[in-house]
Structures are given as C-alpha cells and as structure tokens.
S.K.: 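Right, I'll just put the structure down here and ask away after.
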Amino acid sequence: MSTTPQTPTSTTTAGDGAAAEPRITVSPGIWPLPGTDDQTLHVRIHQAPDCHTVRLAWPTDPTSPHLAPTPQPTPSVGWCVEPDGPGNLTARRTTQAPDTPADKYLLHLQLTGIQVGSVPGPLPLTVTVETGPDDSLESTATEHLIYLDDQNTKPQITNYQAKDVQVTHGGTTTLSWTFPRTDGAFYLVQAPDPDSKGTAHEQKITPKRTNDLYTWDTGPLTQDTAFGLRWEGKTNETEHRTALALTLVMVAKGDIKAGTLTADGTVTIFGTPQTLKLASKAPFAYTPAPTDGIVLAALRFGSATGTAVAKIQVQPPTGQAITAAVTASSTTTEAQTQIPVPAGSTLRVHDITAKAILQMFWVPFGLDTKNTLSLTTGQK
C-alpha cells in the first residue's frame, strides 16, 4: 500500500534535460508498533529508468515518531546502502542489475532492517531521487507520510483541513485528512447545518479513500461553518476507541443566523438609500429585490381641493401581494409611508393621481453595493 497523503510536494533541480518528472511512491503507509527489525521499506520510482541514487531523510527526535534503521539495512538486488548519519540514508544502484521488470520504467528499491521508534503518529519522510550524469544531474524531492500505529492506543486523525479556507457564498470545498485505519466508521457534524434549521446533528459519512488520504465534499455553503469529524472503532477487537478533529470554513459575505444579538459600538444595518427612478406613466415595476429592505414613499399634492392617491404593491415570491395606498389631500399636502420588501419580492406602482408627485427611496439591508432596484417596463 503506497502512502501519498496528498499530491507530493516535489522540488526538482534540473540540468539541460527535459525528461518527465519522476513519480515516487512509498509503502507500507502504516507501520505497526512496537517495531521489529525485519520490516521492509519499499520505494518505487516511476518514469526514471536512469535513476542512480535515492536519498531518504526523516526526523530524529526520540520524543516524536521516527525511524531507527539498523547499522546496515539490507537493500534489494542491484542497490547498495550508505548510511549518512541519524535521519539520513543513501541508496545507490550497482552494476549487479536485478531481473528485468515487467515495466522498464519502474525501479523498485527495498530496504530490510528498518526499525521504528516507540512513539505512534505521523512520520514525514523525504525521498530524493537523482538521475542523469554528474554534469547534468537532475534531483527530484517528494514529501511522504508514514503512520506509526500502536494498536493499543487511540489512533489520530491528522492533516484535517479544508482545501479552501474561504469560499464564495454558495461555494463548495473538499475536506481531507489522513488516518491509519480502514475499519470503523466516520461521523461528521456540520454546524450550523442548513438541513436542520441551524442546529447541528451528526451524520455517518463514507469518504473517498486513496492510500491513507480521505476526502469529503462539503456541498454548497452559505455561512461560516465548522466541521467536526469523529472516527469510532475498536482496538484489539474489544475496546472502543474514538478520534476527533475540527476545522472551519469561512464564507465570503455569508449569511448570519442567530438568536439574540448584542453589540458594543456602532453597527450598520442599512445600506445606502437609492432614489428610485419612476416611469412617465403607471403602471410600472422594478426588478426583484436582491435582499430584504424598506421602500420609503412620499406623495405631494399641490391642488387646492381634492385628494391624490398612489397605489404601491409588493408581490412576495410566494403568497398574497400587499398593496399600500398613499393618500395626500389639499390639507395634508404631503403623505409618507414605509413599506417592508422581503428579498425576492417585486415592487410595482399601479396608479398615481394626476398632478401628484411621487418620490420613492429603496433602503436595503446590508452594505452590498449591488443591492439595488432597476426600473422595468411592460409589467402590470
């Protein structure tokens, strides 16, 4: 089993050649603890038949996961080993070529006699392969991850993160993590959960798995969301064990759903008022409201007698339309009203008395400059 917990981060230093970059895999991805001296590390080098040197490097802190090779690990046929001190090992090809492999573009290095420390957890391993002659040497380094697993201890979820720390409103991202076990089950808590009126509930998931890397697509997100991940399984076939991890995804201009809100300082709720353009003759209408807001209407009537009326209608996306009548007379001269407009509603003006002057202002909730209304024609 190869361990490529993420697309390996590779650094290539090249000479004059332009050959395809080698692809390197390492196995096994999980090493049991406590270790024994007969474990074998496999390094497979694809697309580099002229590779002549492989260098390995790993951390040596005894309090962290680490490898502890024997003084002279045994390589497979066609390779020799040169220990380079703690945390380093170099293998070089020899003139004793192994049997011709089925894939001539694949080289397989086996190192027997690898021990591991007693501390479980993820172990980063850097593999550098060198190809070409000395005067045009090409060096490619890739990062891999081995997990040292103690069946008697609780396993760990590592590298739990979202591909995108922030997404656009309605955007999606992918959660990824590494985990050494294939048994048990994963459970995900999304808070707030759009399918349960804002509350959080746990759901069992079946993530995709490639080697030791698990991935899960979030689906559309409209507000800042926390994702809690839990694994549940058994150790030694008897004892229940769990592993927990948490990550957060931010949503640009995301929705806010809350109970009681308090603020210390100044809070802006309304956007910049927009003076609405009127058609020369009623009826006329406006584009649907992009957000919740309020329409302020003022009607003036300069005639010495009589009254003037303007009928303004709000048609929500669903349900009954609401019509407000603004009335001004020779005694009041001007009448004003405020009309709430839910997001998605259509604002219409059905009638204006002759010689009356109507003014309307749209005040959106929120500071987005795109929250405007535009006059349309041909609607009644």
Side-chain angles (χ1 to χ4, degrees), residues 1-11 23-35 39-44 46 56-61 63-68 87 114 116-128 141-165 172-190 202-218 225-235 240-249:
M1 177 180 64
S2 302
T3 175
T4 51
Q6 54 189 4
T7 301
T9 303
S10 62
T11 303
R23 183 169 60 88
I24 304 164
T25 59
V26 174
S27 63
I30 304 171
W31 291 52
L33 294 179
Q39 297 190 66
T40 300
L41 177 68
H42 298 263
V43 179
R44 293 176 173 84
H46 307 257
L56 308 179
W58 59 87
T60 58
D61 183 356
T63 64
S64 301
H66 63 281
L67 298 181
I114 302 293
V116 296
S118 60
V119 181
L123 168 69
L125 178 67
T126 302
V127 180
T128 303
T142 57
E143 299 293 333
H144 303 264
L145 196 67
I146 294 174
Y147 196 96
L148 309 185
D149 181 33
D150 187 344
Q151 294 291 325
N152 296 314
T153 62
K154 183 175 71 174
Q156 301 177 34
I157 297 172
T158 57
N159 298 327
Y160 182 45
Q161 59 188 336
K163 180 180 179 181
D164 307 288
V165 176
T172 65
T173 189
T174 300
L175 306 178
S176 63
W177 63 94
T178 55
F179 193 69
R181 305 286 183 85
T182 57
D183 61 329
F186 284 104
Y187 300 86
L188 189 71
V189 176
Q190 178 176 341
E202 190 175 65
Q203 61 171 325
K204 184 177 181 180
I205 62 172
T206 305
K208 298 177 182 178
R209 184 176 188 272
T210 304
N211 300 316
D212 301 319
L213 178 69
Y214 290 84
T215 57
W216 176 260
D217 294 332
T218 62
T225 306
F227 292 92
L229 180 66
R230 180 173 70 91
W231 172 86
E232 183 175 303
K234 294 181 179 180
T235 58
H240 283 273
R241 289 289 186 269
T242 59
L244 302 173
L246 180 70
T247 193
L248 178 68
V249 179

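All figures in this text were calculated on a predicted structure; none of them were measured in a lab.
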S.K.: For side-chain contact (heavy atoms from CB on, under 4.5 Å), just list the numbers for Ile24 and Val43, CA-CA rounded to whole Å, side-chain angles, deciding distance to a tenth of an Å, and then say yes or no.
M.R.: CA-CA 7 Å; Ile24 304 164; Val43 179; 4.1 Å; yes

S.K.: Could you tell me whether a side-chain N or O of Thr173 sits under 3.5 Å from a main-chain N or O of Asp164, the two making a donor and an acceptor?
M.R.: yes

S.K.: Give, for atom OG1 of Thr126 and atom CD of Glu143, the distance between the pair rounded to the nearest 0.5 Å.
M.R.: 3.0 Å

S.K.: Please report the closest heavy-atom contact between Val249 and Ala162, naming both atoms and the distance.
M.R.: CG2-CB, 3.7 Å

S.K.: Looking at NE2 of His46 and CZ of Arg44, how far apart are the two atoms once the value is rounded to the nearest 0.5 Å?
M.R.: 7.5 Å

S.K.: Is Leu188 close to Trp216 at the side-chain level, that is, under 4.5 Å between some pair of heavy atoms?
M.R.: yes

S.K.: For a 4.5 angstrom cut-off between non-hydrogen side-chain atoms, does Leu246 reach Val189?
M.R.: no

S.K.: Please lay out, stage by stage, how Thr178 and Tyr214 fare under the test side-chain contact (heavy atoms from CB on, under 4.5 Å).
M.R.: CA-CA 6 Å; Thr178 55; Tyr214 290 84; over 6 Å; no

S.K.: Side-chain contact, heavy-atom cut-off 4.5 Å: Thr215 with Ser176?
M.R.: yes

S.K.: Taking ring-ring contact (aromatic ring centres under 6.0 Å, His included) as the test, write out the residues that go with Tyr160, two or more places apart.
M.R.: Trp177

S.K.: Show your reasoning for whether side-chain contact (heavy atoms from CB on, under 4.5 Å) applies to Phe179 and Phe186.
M.R.: CA-CA 11 Å; Phe179 193 69; Phe186 284 104; 3.8 Å; yes

S.K.: Find the distance between OG1 (Thr247) and CG (Leu175) and round it off to the nearest 0.5 Å.
M.R.: 7.0 Å

S.K.: Out of curiosity, Thr225 OG1 to Leu248 CG, how far, rounded to the nearest 0.5 Å?
M.R.: 7.5 Å

S.K.: For the atom pair CG (Leu41) and CG (Leu56), what is the distance rounded to the nearest 0.5 Å?
M.R.: 6.5 Å

S.K.: Which value, rounded to the nearest 0.5 Å, describes the distance between Leu229 atom CG and Glu202 atom CD?
M.R.: 9.5 Å

S.K.: Compare all side-chain heavy atoms of Val26 with those of Leu125 and state whether any distance is below 4.5 angstrom.
M.R.: yes

S.K.: Does Arg23, at its CZ atom, have more than 12 non-hydrogen atoms belonging to other residues, nucleotides or ligands within less than 6.0 Å?
M.R.: no

S.K.: Begin from the C-alpha positions of His144 and Val127 and carry the test side-chain contact (heavy atoms from CB on, under 4.5 Å) through to its verdict.
M.R.: CA-CA 8 Å; His144 303 264; Val127 180; 3.9 Å; yes

S.K.: How far apart are the closest heavy atoms of Pro124 and Pro59, and which atoms are they?
M.R.: O-CD, 3.3 Å

